[in-house]
Amino acid sequence: MGLFGFMYTVTLKVHPREYIVEMHNSFNYKVGDTLLKGDALKTIVERNFSTEIFWFPFNSAPLAVVEDTDKVEFAKSLIGQVAGGISCLNLGSRETWNPLNDELLIKEVNMKPGETPQGELYYDVKLAKEYIQTKLTKNAPEWLANYPWLTPLFTSLTNCSQKSCKIPGTNIELGEPTRIVQQLPRAISYRFWVHQGFTVYDLEFAHVVNDDYENIATACQDVVDLVTEYANKKEYPMSLALEMRFMSDSKSYLCPAVVGNGKPAGDSIKVAYVEVLALGSLQTRPKWVEFAQRVAEKWMAVDGVKPLPHWGKASELPATPQFVKYLWDNNGENMQNFLDQLEVSGADPDRIFFNEYLETVLNNPSKL
């Protein structure tokens, strides 16, 4: 379709049926007994149609990192004003924080054909709540850049905001219900107002899941160890969460779930997308980039099938010769197939859809 081409008709093949699912949000699991245990992860993931796991760090003892008494009192006052004394926020001990005691948010989704999904009123109210949350937290990156010791409180409040709890003295519920039946597209974690909120920094890799899931537990352990190391220095580069989703692999050459060299694609190999996220601020970006690159170094050093970066979430990884070699060593066959198909098709001969980064990483180092 050339420069002056027109698309006048589109035909889509769809399945004329409605997929109804039940989403169960649970906070009954902890980092130590679930996130870092392969057998526990396997049990949870393999009993569900879809599983998503979040760790908002410091949620078991957010005041433990605050040494100054005046700051503690200020923090308690701030919590009282912002959270209205919500009982689901656990301030924990002021003496110690142990990441193994932090709770996880686990979203489990399973098919429930024949059940009645939520009506439109629920989604109207949900949209209004998300709008208020977005406006209240829009300046959070600036707050945490100027007062980094507030980061554990912010991540803990974020964790609490996902729970089903009522503002004291009212019938207004915050967060998500423990169980909700809805149409499948609405079970996706999507926030309508995100474009009006704060910027988020993100690093994500797709890891092939071994049969015992221990390699995924190890990838999470790497993040927990680094978060703890930085927290001991009163630094909090992962100022939002660790998030993990499980899915099957892909046949698309450049998709990070393509698995890589030496593995067949499309045979329902499980892949875990593991990502670390932070609030975006120019003041905190240097420390975040340092943290993200250290996470990537640990993940890329694993034995066996190497994880591949999510292209939209790898901007923290500069196209160094070492990184380009890593990509070609572990996915070079698929990358070359992509380039060959691009050449044969005649599409984009002038590479107008390329940028400097893609030009570098898609340039086979063995041919230089």
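Residues take their numbers from the sequence shown, with the count starting at 1.
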Taking only residues two or more places apart in sequence, or in another chain, which ones meet Asp303 in a side-chain contact (heavy atoms from CB on, under 4.5 Å)? none
Restricting to ring-ring contact (aromatic ring centres under 6.0 Å, His included), what partner residues turn up for Tyr131, sequence neighbours left out? Trp193
Charged N to carboxylate O under 4.0 angstrom, Arg186 versus Glu120? yes
Output every pair passing ring pair (Phe, Tyr, Trp, His ring centres under 6.0 Å) with a member in residues 294-316, not counting sequence neighbours, ordered by first then second residue. Phe205-Trp299, His207-Trp299
Could you tell me if Tyr213 and Glu46 have a donor-acceptor pair between their side chains, going purely by distance under 3.5 Å? yes
Ionic contact status for Lys233 with Glu290, cut-off 4.0 Å: no
Sequence neighbours excluded, the answer for ring-ring contact (aromatic ring centres under 6.0 Å, His included) partners of Phe246 is none
One thing to verify: whether Glu235 and Lys287 come together as a salt bridge, which I'm taking to mean a side-chain N less than 4.0 angstrom from a carboxylate O. yes
Hey, is Lys135 close enough to Glu130 for a salt bridge, meaning N to O under 4.0 Å? no
Glu52 bridged to Lys107 by N-O distance under 4.0 Å: no
Check: Asn210/Glu214 side-chain N/O donor and acceptor closer than 3.5 Å: no
Any ion pair linking Glu108 and Arg47 (charged N to carboxylate O, less than 4.0 Å)? yes
side-chain contact (heavy atoms from CB on, under 4.5 Å) involving Val344 - partner list, sequence neighbours excluded: none
Contact between Tyr273 and Met244 at the side-chain level, heavy atoms closer than 4.5 Å - yes or no? no
By side-chain contact (heavy atoms from CB on, under 4.5 Å) - contacts of Val289 (at least two apart): Arg285, Gln293, Glu316
Return yes if a side-chain donor-acceptor contact under 3.5 Å exists between Thr178 and Asn25, otherwise no. no
